[in-house]
Amino acid sequence: MTQGRNLRDLMRARLPAKVFNRLEDAGRLAQQSGVAAFVVGGLVRDLLLGHATIDVDIAVEGDGMAFARRLADRQGAALKIFERFATAYVVFPDRMKFDIASTRAGQPARLGAGNEGAWSAPAGESCPIGQDLMRRDFTINALAIHLNAGRFGQLLDPSEGLRDLRGRTLRAVYDSSFTDDPTRVYRAIRFERRFGFTIKRRTLRLLKEAVANRLPHRLPGHRVKNELMLLLAEPDPARTIRRLSALNLLHPIHPALQLTPRLTTLLAGLANALEWWRRRFPDRKPDRPLASFMALTAGLSAPAVNALMKRLVLPEGQADKVRTVTRRLESTRRRLHKDRPLTPSQTYRLLLGLPDEGLILLVAEAPSARIKRLLSAYLTAYQPTRLALSGKTLASMGLKSGPIYKAILDRVLDAKLDGTVTTTREERELAQRLVKKVAV
Ligand code: ATP
Ligand code: MG
């Protein structure tokens with residue numbers, strides 16, 4: 001095993017002091033407790049690449065849960081333990097989180113074995129760290145740093161991950177990696193895209209074999225969803241989707257997903273639309289992966305989109321937004337592009353209830369100055385319009401309750417948006433006229 005290089009100085013220089021101190025303290029505790037603790041995975045990789053990470057994953061040779069308990073105790077941190085997987089979170093008072101797991105050998109529970117979204121095998125005997133690292137996905141993720149006092153900072157690199165990091169290559173740790181866990185085909189694209197690394201020839205061949213054998217098709221939907229959303233959260237989703245398409249990785253997500261010319265144009269427009277939005281509404285942060293997901297599914301029929309969301313187990317909040325956009329995008333676009341200008345109230349009624357991601361898609365489809373102006377007006381000038389008038393006022397005018405209340409309040413709101421009424425008094429007068437009309 002390549003070993004010995006000490007990263008202590010690098011850690012001190014690159015990690016926030018708080019993280020460094022807590023890692024050092026964890027190492028002292030490990031030494032006192034007679035276990036060995038290591039920081040593993042993304043943090044080590046990112047440290048060596050010079051990227052900032054704050055996700056701390058700790059692997060413990062020995063009873064990791066007992067270690068997590070003691071660490072939480074002495075740091076005044078909260079603790080959440082998942083016995084079944086022998087993993088735990090330690091959450092510090094400032095909300096920083098350490099993930100702690102006992103080292104383990106063996107591969108992830110086979111597909112469909114109730115493996116809840118994790119690649120972690122069910123809890124078993126803790127094993128030497130070297131074995132734990134060798135069952136990970138890619139060599140650049142199979143690095144660890146010893147934390148124990150006395151060995152703090154020592155790098156462990158059993159699969160020559162450092163060499164791959166330097167060569168900017170992505171290599172599977174072992175040959176049946178994609179068979180053991182097909183989510184790794186998506187993870188491969190995530191790291192390839194994020195770091196601009198090249199997937200090694202052999203690894204790429206294994207990946208393609210796994211795809212040809214339809215292994216990604218068998219993944220449980222929620223795991224595909226996690227991977228897809230993480231992929232779409234990376235910069236340049238248009239390129240990511242092109243890459244997925246080239247490797248036949250869209251099909252396992254849904255057979256109807258295809259990189260059509262329309263989708264290519266839409267994705268290019270989406271990047272610009274998101275950029276416009278960020279500058280125009282810096283405080284309104286859209287769900288960017290969801291916006292890309294909407295673009296991806298824009299060419300699908302409503303039933304296909306519903307089936308896909310069901311398979312992926314998209315959270316209800318996101319699914320709701322997608323459904324709204326699927327239902328309304330096309331007709332909204334058509335009305336926006338009519339020659340006759342829309343009044344403020346018409347714009348308001350047309351766009352009301354569309355999620356921000358849907359508005360962004362409208363710009364992505366047709367990035368004209370006119371559409372941007374309309375959306376801006378809708379989101380700024382037409383937004384916080386509140387009436388002085390209320391249902392109570394209508395009741396005091398003797399109006400019997402019913403759907404007519406909403407109809408009248410809407411009419412008054414429209415008038416206010418269009419500037420035909422401005423004062424409270426005018427609101428009341430208009431309402432009064434409308435109530436009278438109903439009464440006759
Ligand atoms: P990111 O920076 O996107 O969080 P990461 O490498 O930290 O990337 P995580 O999903 O946070 O990835 O997982 C942490 C570590 O756990 C990885 O570095 C890798 O060693 C291991 N790991 C995670 N998922 C898998 C998997 N499906 N198969 C094998 N190893 C995995
Ligand atoms: Mg991570």
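Counting starts at 1 for both ligands and their atoms, following the listed order.
Residue contacts with ligand 1: D57 is placed with no nitrogen or oxygen under 3.5 Å of a nitrogen or oxygen of the ligand (distance criterion only). The shortest N or O to N or O distance between D46 and ligand 1 is not below 3.5 Å.
The atoms of ligand 1 that sit less than 4.0 Å from any heavy atom of D181 are 26 (C), 27 (N), 28 (N). Near G41, meaning under 4.0 Å from any of its heavy atoms, are these atoms of ligand 1: 18 (O). Contact atoms of ligand 1 toward R190: 1 (P), 3 (O), 8 (O) (distance under 4.0 Å to a heavy atom of the residue). Those atoms of ligand 1 that come under 4.0 Å of a heavy atom in R194, given as number and element, are 1 (P), 2 (O), 3 (O). Near T183, the atoms of ligand 1 lying under 4.0 angstrom from a non-hydrogen atom of the residue are 27 (N). Listed by number with element, the atoms of ligand 1 under 4.0 angstrom from any heavy atom of G42 are 6 (O), 7 (O), 18 (O).
For residues 198-219, every residue pair satisfying the ring pair (Phe, Tyr, Trp, His ring centres under 6.0 Å) rule, not counting sequence neighbours, is listed here: H217-H251.
Note on ligand 1: F138 sits outside its first shell, no heavy atom being nearer than 4.0 Å.
The aromatic rings of F20 and F152 sit perpendicular to each other, their planes meeting at more than 60°, with 30° as the lower class boundary.
Atom CZ of R214 has 12 or fewer heavy atoms from other residues, nucleotides or ligands within 6.0 Å. Within a 6.0 Å sphere centred on CG of L230, heavy atoms belonging to other residues, nucleotides or ligands number more than 12.
In this structure, R223 does not pair ionically with E227, as no charged nitrogen and carboxylate oxygen lie closer than 4.0 Å. The existence of a salt bridge linking D94 and R22 is confirmed by a sub-4.0 Å separation between a basic side-chain nitrogen and an acidic carboxylate oxygen. Comment: K97 engages D99 in a salt bridge, judged by a side-chain N to carboxylate O separation of less than 4.0 angstrom.
When H51, R187, R135 are checked for heavy-atom proximity to atom 24 (N) of ligand 1, R187 turns out nearest.
The proximity of V40 to ligand 1, defined as any non-hydrogen pair under 4.0 Å, does not occur for either the backbone or the side chain.
For the pair H254 and R311, the minimum side-chain heavy-atom distance is 4.5 Å or more.
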